[in-house]
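Shown next, in structure tokens, is the structure this report addresses.
Quick caveat, the model's predicted, so the values are computed rather than measured.
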Amino acid sequence: MFYLKKRRKQMIALCLSAALSVGSLTAYAATEYWNDASTKPMVETKTPISDNTNWEQWKAGWDNLKTNYEQVALTPGADFSKLNFGWYSKEKTDKAMVRIADNKEMKNAKEFKGTCTEGTVINGVQYYSNKVTADGFKPNNTYYYQVKLNGEWQQAQEYKTGDPDNFSFMFVGDPQIGSSYKQKNAESNGKKLGNDLAARNDSYNWNVTLNKAMEQHPEIDFLVSPGDQVSVKGNEDAKDLKEQEDQYSGYLSASVLRNLPQAVAIGNHDCSSASYQNHFNNPNPFLEESTPTPAGNGYFYSYGNALFIVINANNYNAADHKALIEKAIKENPNAKWRIVVMHQDIYGSGLDHSDSDGIILRTQLTPIFDANDIDVVLQGHDHSYARTYQLTSDGQAHDEFLEYKQDQGGFNHDNFDERFEKDGVFRAYYKSQNLCYNIADKSQGTVVNPEGVFYLTSNSATGSKFYNLIPEQQDYVAARSQNWRPSYSVINITKDSFTVNTYDVETGEAIDSSYTIIKK
């Protein structure tokens, strides 16, 4: 299923993080393995072929699918009783509209109104961003919803609620649709795929991952991603933005997402355009963020007794993240579980970022997480799996490397990377400053009332790009894995427990032992 091809990773600035290999001054982390859809054209799932698990049918429909920019994205509401909707339309309306009913015929449906604002221009066509919040949802019920698109009510879709006192969500890493663009497959006649064929390949694999995960674990209530939904930056160049929107179409095409809310962070590949915030109707956006990226802001929501705080870590201004965390906790003081989701892995184990630019936020965020009693941090970025011990700040003052911070909250990778590569003294000093943690608890299996914060880094959910693990496992890492296959985690939260299990997509088998935190 995997096609072997070595390539070098280019250095890119600001939002697109890059890093140097540890133990080498010149080599970058190679993307050696990827998930080639053409080598496994039929995927056996319980869902019908029309649900995007047949490669030949997928290829035949790709040209139409990639330009279907008006697909709906469900996101969690501010709390369990709410559900948010976001979608593009070609027509502008005074009020975006959604209706909710308890029957597929939509009898006695309740209508909810929201906003319709100018969104992205694609191929010269103005699209509008529609956002609506519906409420009144109760536990363990089946509902149906319809969105009004360009003046017409669309087909009713099902939405099932779970149990806020015992729920599960799927944690997936870096779908990064289109990231296999430099690879070659059996159908490309020795040529690199390029953005279009890569998006086709990776979108197909994204559908397979979600279908497989929901079959293997139907208890899943929603999805969490630490960012990098797409690959192309989507800057002001029209062609670049068009390619990014094609990738969003492929990402949102997954039939599972019609019924599954998704809470996604802003990744370094998402952050350069407004398309992210035009597609996703995130609850409680932190508009007070002083140095946001074009993609928008961090946000927060609650689900049962868990508070989820989603940080825009492409903004390197830690004061913004501190303010967001404090605001979220103030508005949810009784939340038993406090979970941060962010893209950059400040405690990961991948060769590409975990020992260089990926830890630039470590010295600043670790004490903030401690001070606010954060329990868990879910992170991505390194396209490899890692699970830490319970970690705390060492309580010491550390260099924040302010000379590499940019005015708009970004980080000057060009200057930093060049110095990190060439200046051995600086490199040693930088690494010493990032030894800013203590290992508070090394217990495995089940831990009760532990000190510190637990960090989990996800591997690629699509296999569009994998990274090697760092040669020497860091002391803070309890377990890690890179088997060159897509994976996902299922996290279950009850009143007293947080449990994570991680699975291989293709086989459904666990790739790591279970880890449970008990809070009494």
Any [X] side-chain heavy atom under 4.5 Å of [Y] side chain:
X      : Y      : result
Lys336 : Lys519 : yes
Asn305 : Lys495 : yes
Ser275 : Tyr248 : yes

Check ion pair [X]-[Y] (N to O, under 4.0 angstrom):
X      : Y      : result
Lys322 : Glu326 : yes
Glu288 : Lys327 : yes
Glu506 : Arg485 : yes

Next item on the list: Could you check whether the rings of Phe169 and Phe222 sit parallel, tilted or perpendicular, using 30° and 60° as the cut-offs?
Entry: parallel
Next item on the list: Take the angle between the ring planes of Phe498 and Trp337 and call it parallel below 30°, perpendicular above 60°, tilted in between.
Entry: tilted
Notebook entry, point to check: Would one find more than 12 heavy atoms of other residues, nucleotides or ligands at under 6.0 Å from atom CD of Glu451?
Noted result: no
Please tell me whether [X] and [Y] form a close aromatic pair, meaning their ring centres lie under 6.0 Å apart.
X      : Y      : answer
Phe300 : Phe308 : no
Phe401 : Phe416 : no
Tyr251 : Trp206 : yes

Next item on the list: Given side chain to side chain donor-acceptor pair (under 3.5 Å), test Thr120 with Tyr88 step by step and report yes or no.
Entry: CA-CA 9 Å; Thr120 307; Tyr88 280 13; 3.0 Å; yes
